[in-house]
Number of protein chains: 2
Amino acid sequence: MNVLWIMADQLRWDYLSCAGHPHLHTPNIDALAAKGVRFTNAYVQSPICGPSRMSSYTGRYCHSHGATWNGFPLRVGEPTLGDHLREIGVRPVLVGKTHMVADAEGMKRLGIDPTSDLGVLLSECGFEPFERDDGMHPYGPYDPEPAYDDYLRSQGFEAENPWEDLANSALGDDGELLSGWLLKYANMPANIPEEHSETPYMTRRAMEFMESAGDQPWLCHLSFIKPHWPYIVPAPYHDMYGPEHIKPPVRSQAERDNAHPVFEAYINSRICRSFARDEVRERVVPCYMGLIKQIDDQMGVLFKWMEERGLMENTMVVFTSDHGDYLGDHWMGEKDLFHDQSAKIPLIVYDPRKEADATRGMARDELVEAIDLAPTFLHAQGGKPKPHVLEGRDLAPLLHDAGEIEWRGYAISEYDYSTRDARATLGVDQADARLVMLRDARWKYVHAEGFRPMLFDMASDPDELNDLGASNAADVLAVCERMEKALSAWARRHHSRITKSAEQVDHMLATREPPGVLIGYWDEEEFEADFGKPFSERP
Amino acid sequence: MNVLWIMADQLRWDYLSCAGHPHLHTPNIDALAAKGVRFTNAYVQSPICGPSRMSSYTGRYCHSHGATWNGFPLRVGEPTLGDHLREIGVRPVLVGKTHMVADAEGMKRLGIDPTSDLGVLLSECGFEPFERDDGMHPYGPYDPEPAYDDYLRSQGFEAENPWEDLANSALGDDGELLSGWLLKYANMPANIPEEHSETPYMTRRAMEFMESAGDQPWLCHLSFIKPHWPYIVPAPYHDMYGPEHIKPPVRSQAERDNAHPVFEAYINSRICRSFARDEVRERVVPCYMGLIKQIDDQMGVLFKWMEERGLMENTMVVFTSDHGDYLGDHWMGEKDLFHDQSAKIPLIVYDPRKEADATRGMARDELVEAIDLAPTFLHAQGGKPKPHVLEGRDLAPLLHDAGEIEWRGYAISEYDYSTRDARATLGVDQADARLVMLRDARWKYVHAEGFRPMLFDMASDPDELNDLGASNAADVLAVCERMEKALSAWARRHHSRITKSAEQVDHMLATREPPGVLIGYWDEEEFEADFGKPFSERP
């Protein structure tokens with residue numbers, strides 16, 4: 001069995017027609033959902049690229065792996081899905097983005113050359129980089145030479161910075177470059193023929209990998225850069241959608257008036273004030289929809305290609321994202337906090353195995369975490385469970401049994417705002433700039449260190465407009481108390497005890513002390529009574 | 001400045017005359033206390049060798065480093081005090097025991113040869129092994145060839161297993177070996193001249209290191225194997241003390257009757273039943289006292305030798321232990337739980353700096369943790385604070401200011417009984433076989449996953465005979481609630497976010513996005529208003 005793990009970047013859970021978007025039609029992704037299971041309550045472990053991905057790639061919570069924000073290196077030695085797969089002879093390959101930052105200091109401490117084979121694996125969080133591209137190559141000292149630039153040059157395009165000037169800019173009337181970094185130009189076509197833009201390029205790279213893969217089983221992480229900003233898309237996607245296709249913003253004056261201090265700090269930030277403007281939404285959202293439409297079209301190309309080669313019969317295909325995009329909902333831009341626009345992701349799992357026939361086309365509402373994918377892949381590809389390392393849960397029961405399944409009670413997501421303006425605004429110590437979301441079947445609770453919590457009743461208030469976290473009503477306080485207990489129980493768990501497996505622990509219990517060590521025996525007789533042989537015959 | 005960090009193994013806090021023992025006189029250790037500070041509320045981070053030492057050697061809680069029991073390898077990549085010291089040019093050297101188990105699987109994953117220089121450092125938790133000896137070389141497949149065996153052979157001693165047959169056995173009337181593993185023989189002299197037994201041998205090895213050290217600053221961890229079992233000591237120490245010198249056992253029938261389930265499982269275990277017997281205490285305790293007396297005599301030799309060489313003027317000298325020994329108190333043998341006999345340690349810090357003149361001879365009752373030593377050493381030897389890695393607190397304020405100091409509110413210690421009989425007895429899942437102690441100025445609280453807590457009022461019940469954890473009295477419940485909140489706050493903290501320093505986090509906040517990245521700007525005008533230069537001049 002192979003695994004094709006497709007991840008879009010910053011794709012909201014509800015911007016697919018199978019998830020109910022009224023204007024954005026994504027028939028190819030919908031078709032995958034019709035063959036697989038669509039999870040309607042899937043949460044990332046942090047609503048921001050780097051930590052979310054480090055959780056997905058390690059199968060571990062941010063609290064455990066410690067890479068809690070973009071740019072925080074994943075510590076050297078943190079076991080990755082790639083490590084686990086290599087152990088069982090599966091080749092874990094990256095095509096696209098990881099947002100991984102290498103732990104240069106840790107590698108130096110361990111004498112590992114970052115350019116060696118091992119150093120490269122450690123720098124790519126365990127993946128073999130068939131193509132690494134984090135989709136961020138502006139002017140400035142920021143990885144300015146992606147393979148994609150070489151590709152564009154090889155196609156005859158000339159530019160000082162092909163990524164920025166071609167794929168992420170538009171052309172003005174006088175041929176001048178209009179930067180895709182500026183939201184005003186989000187309705188302009190990118191300065192590049194569609195087939196050479198980033199999404200089709202990366203799709204082709206995944207096909208090139210699969211074509212070259214041979215007989216060794218693989219996991220291919222096809223990790224798109226889009227619909228993440230810069231918000232710009234080539235023709236014909238740039239004007240497929242207009243303001244008339246935008247869902248009205250989910251926001252209310254009441255939520256501003258009653259804003260939790262951390263939420264307030266965010267909505268008062270420049271970025272969020274920008275996305276609260278109608279003109280921004282009217283330019284950006286149609287472009288965002290176009291970027292998704294382009295991905296869906298590429299999914300059509302890819303799935304057809306795989307079907308023609310019989311790959312759909314032995315490949316688990318997963319379509320998901322690393323977090324959402326507020327797009328002006330809740331007066332927010334970007335991601336960061338835990339409203340469903342930000343922390344909930346699309347997650348579709350197509351499992352080719354016969355056992356999965358029972359669930360094809362199902363939508364399931366169990367609380368699923370992005371860290372569930374790593375153990376799901378490992379087990380599907382023949383690996384043994386590693387619950388002492390992998391903190392997610394194998395999704396196989398949900399994929400193979402259409403009935404009710406005993407599942408987790410809480411989904412957890414974390415956020416570290418120590419590097420964000422909100423911390424300065426609020427005067428919070430960097431060690432305390434932490435939020436943790438707990439979502440159960442009905443409630444979404446956010447613990448905010450040093451502040452009151454946030455609380456939403458997702459049953460009566462699915463749009464999360466009424467934060468109950470300041471309420472003193474007895475029923476609310478009871479929910480908060482239960483959530484705090486659950487948070488404490490989760491935080492207290494082993495998160496770092498990764499060097500002994502469950503089997504090894506059981507073996508230690510069964511075999512008692514190391515050989516030759518005797519504790520608390522009075523004399524030879526006591527020994528013989530316990531061991532059934534004379535003391536002189538001890539090992 | 002150098003550091004000599006002396007650690008005894010399994011030495012109770014109260015078996016020194018400076019700590020009030022009525023019959024055991026330890027003038028040399030007392031003299032160190034008279035020149036330094038003696039901490040009267042120092043707790044280890046786990047009352048068992050391996051995890052306690054891994055905490056001491058990393059400056060991190062067990063919850064953080066994950067090596068929660070003996071034999072659990074310290075994960076590769078976990079930064080050690082040795083790593084921090086090497087960074088600043090200090091040579092961290094081991095003479096004696098660490099109880100470290102190398103993370104062979106992790107090293108394999110990282111392509112590190114365990115026999116290479118780096119592999120050796122990683123196998124010795126960051127120390128350069130001048131001499132490594134974990135003091136456990138019985139017959140059987142358990143590191144049977146220590147350097148100490150070679151030493152004994154070089155001195156003309158002949159034995160199949162010199163460690164076991166000479167240093168840890170006695171001779172019977174007919175010349176037969178009587179094993180030191182059996183408690184009955186604890187009153188016999190070990191089959192070795194005193195000067196060749198383990199404690200003086202290791203003391204000399206430390207002197208040999210210091211003599212050879214040259215000008216590079218060093219930290220020498222002189223880590224004795226004793227008074228840890230096998231309980232046997234050479235003449236004249238074997239009969240210096242008798243039953244008349246034993247303090248009466250601290251235990252009561254009431255504590256058995258009212259025993260917490262985990263405590264009950266322990267006191268019903270074979271080892272504890274053994275130590276509850278008077279004949280065991282009467283044999284073992286005098287021997288244990290003799291072993292300590294021998295250490296104290298060696299401290300006299302060592303300190304005199306250091307003084308003669310001027311080393312006392314530029315060496316911080318610390319005397320401590322890795323945990324205690326119940327010796328039958330509380331119906332317990334060994335260590336394991338959190339009564340002061342087990343979790344509290346002797347801790348004496350002699351600081352040669354002028355600033356420490358203010359505190360010489362003081363006994364301080366602040367709540368100190370063994371993980372405080374690593375940052376204390378690092379800073380004393382010129383290193384910068386690393387609070388993102390080192391979870392302890394530099395003791396310098398307590399060493400340099402005799403007044404009241406604002407200090408921590410809780411000392412924390414952890415215990416993982418997943419490999420112990422108690423887990424089988426109680427039918428606890430291995431992930432839940434966890435205890436956490438919180439000690440504040442007055443109370444000792446033990447959170448026991450899945451059970452009621454234990455609680456002792458150390459003010460009115462310093463002997464910990466009255467466990468209040470089952471009480472429903474309002475004042476008790478209020479204490480428990482406060483302790484649970486403190487435990488949760490501690491557990492929620494960052495424990496793994498070790499790849500970004502506080503300075504780096506502040507820098508990230510100050511400098512905002514990476515260069516070239518622009519989020520949420522509408523147009524060139526907005527850019528210019530914010531950056532004070534035209535968009536065309538962006539980096």
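Here is the naming used below: chain letters follow the sequence lines, and residue numbers restart at 1 for every chain. Values below: all heavy atoms of this structure, side chains included; hydrogens, waters and symmetry mates excluded.
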Practice task
Using the side-chain contact (heavy atoms from CB on, under 4.5 Å) rule, take Tyr521(B) and Leu183(A) through it: C-alpha gap first, then chi angles, then the decisive distance, then the call.
Solution key: CA-CA 6 Å; Tyr521(B) 285 90; Leu183(A) 305 176; 5.9 Å; no

Completion exercise
The interface call for Trp522(A) against chain B, heavy-atom contacts under 4.5 Å, is both

Fill in the blank from the handout: Greatest number of non-hydrogen atom pairs under 4.5 angstrom with chain B, of Met107(A), Glu105(A), Arg420(A), Arg270(A), falls to Arg270(A)

Handout entry: Nearest-0.5 Å distance that lies between atom CG in Asp103(A) and atom CD1 in Ile498(B)
Key = 7.0 Å

Fill in the blank from the handout: Scored by heavy-atom pairs under 4.5 Å with chain B, the best of Val284(A), Thr499(A), Ile271(A) is Thr499(A)

Completion exercise
Closest heavy-atom pair, Pro138(B) versus Gly516(A), reported as atoms and distance to 0.1 Å, is CB-O, 3.5 Å

Completion exercise
Closest heavy-atom pair, Ser418(A) versus Val505(B), reported as atoms and distance to 0.1 Å, is OG-CG1, 3.6 Å

Practice task
Just give me the residue among Leu74(A), Val280(A), Leu178(A) that pairs up with chain B most often, heavy atom to heavy atom, under 4.5 Å.
Solution key: Val280(A)

Handout entry: Ionic contact status for Asp523(A) with Arg283(B), cut-off 4.0 Å
Key = no

Handout entry: Under 4.5 Å from a heavy atom of chain B, the part of Asp117(A) involved
Key = neither

Completion exercise
Interatomic distance, CZ@Arg492(A) vs OG@Ser488(B), rounded to 0.5 Å, equals 7.5 Å

Exercise for the section: Starting at CG of Leu509(A), measure out to CD of Gln430(B) and round the result to the nearest 0.5 Å. Expected result: 9.0 Å

Practice task
Give the intermediate values and the outcome of side-chain contact (heavy atoms from CB on, under 4.5 Å) for residues Val517(A) and Trp181(B).
Solution key: CA-CA 8 Å; Val517(A) 169; Trp181(B) 291 111; 4.1 Å; yes

Handout entry: Interface moiety of Arg493(B) toward chain A, non-hydrogen atoms closer than 4.5 Å
Key = both

Practice task
Would you check if Arg423(A) and Asp506(B) make a side-chain contact, meaning some heavy-atom pair closer than 4.5 Å?
Solution key: yes

Problem - Neighbour count above 12 (heavy atom, 6.0 Å) for Glu481(A) CD - result: no

Handout entry: Plane angle bin for His495(A) and His63(B) - parallel if under 30°, tilted between 30 and 60°, otherwise perpendicular
Key = perpendicular

Practice task
Return yes when atom CD of Glu525(A) has more than 12 non-hydrogen atoms of other residues, nucleotides or ligands closer than 6.0 Å, and no otherwise.
Solution key: no

Practice task
Considering non-hydrogen atoms only, spot the tightest contact between Phe275(A) and Gly520(B) and give its length.
Solution key: CE1-CA, 4.2 Å

Exercise for the section: Measure distances from Arg277(A) to the heavy atoms of chain B and classify the residue's part below 4.5 Å as side chain, backbone, both or neither. Expected result: side chain

Problem - Structural part of Leu177(B) lying under 4.5 Å from a heavy atom of chain A - result: neither

Handout entry: Ser179(B) side, atom OG; Leu518(A) side, atom CG - distance, nearest 0.5 Å
Key = 7.0 Å

Handout entry: Which atom of Pro73(B) lies closest to which atom of Lys500(A), heavy atoms considered
Key = CD-CE, 4.0 Å

Handout entry: Under-4.0 Å salt bridge between Arg538(B) and Glu164(A)
Key = yes

Handout entry: Under 4.5 Å from any heavy atom of chain B - which part of Ile112(A)
Key = side chain

Exercise for the section: Check whether Leu122(A) gets within reach of chain B through its side chain, its backbone, both or neither, counting any heavy atom under 4.5 Å. Expected result: side chain

Problem - Part of Ala502(B) within contact of chain A (heavy atom distance under 4.5 Å) - result: both

Exercise for the section: Heavy-atom distances under 4.5 Å only: say whether Asp432(A) touches chain B with side chain, backbone, both or neither. Expected result: neither

Practice task
Sort Leu118(A) into side chain, backbone, both or neither according to what part of it lies under 4.5 angstrom from a heavy atom of chain B.
Solution key: side chain

Practice task
Would you mind reporting whether Phe535(B) and Leu182(A) have side-chain heavy atoms less than 4.5 Å apart?
Solution key: yes

Handout entry: Pro79(B) side chain near Arg75(A) side chain, heavy-atom distance below 4.5 Å
Key = yes

Fill in the blank from the handout: Counting heavy-atom pairs under 4.5 Å with chain B, the top scorer among Asp83(A), Asp421(A), Thr419(A), Asn70(A) is Thr419(A)

Problem - Side chain / backbone / both / neither for Arg434(A) at chain B, heavy atoms under 4.5 Å - result: side chain

Handout entry: chain B contacts, top residue of Glu334(A), Glu524(A), Arg512(A) (heavy-atom pairs, under 4.5 Å)
Key = Glu524(A)

Fill in the blank from the handout: Value for NE2 (His494(B)) from CD (Glu414(A)), rounded to nearest 0.5 Å, stands at 9.0 Å

Handout entry: Residue part contacting chain B, namely of Ser64(A), when any heavy atom lies under 4.5 Å
Key = backbone

Practice task
Heavy-atom distances under 4.5 Å only: say whether Phe72(A) touches chain B with side chain, backbone, both or neither.
Solution key: both

Fill in the blank from the handout: Looking only at Val76(B), Ile519(B), Thr68(B), most heavy-atom pairs under 4.5 Å shared with chain A are made by Ile519(B)

Handout entry: Residue selection (most heavy-atom pairs with chain B, distance under 4.5 Å) from Gly119(A), Ala424(A), Ala431(A), Ser496(A)
Key = Ser496(A)

Problem - Part of His447(A) lying under 4.5 Å from any heavy atom of chain B - result: side chain

Handout entry: Residue part contacting chain B, namely of Gln504(A), when any heavy atom lies under 4.5 Å
Key = neither

Exercise for the section: Name the region of Tyr417(A), side chain, backbone, both or neither, that has any atom closer than 4.5 Å to a heavy atom of chain B. Expected result: neither

Exercise for the section: Go through the atoms of Glu78(A) and report whether side chain, backbone, both or neither lie under 4.5 Å from a heavy atom of chain B. Expected result: both

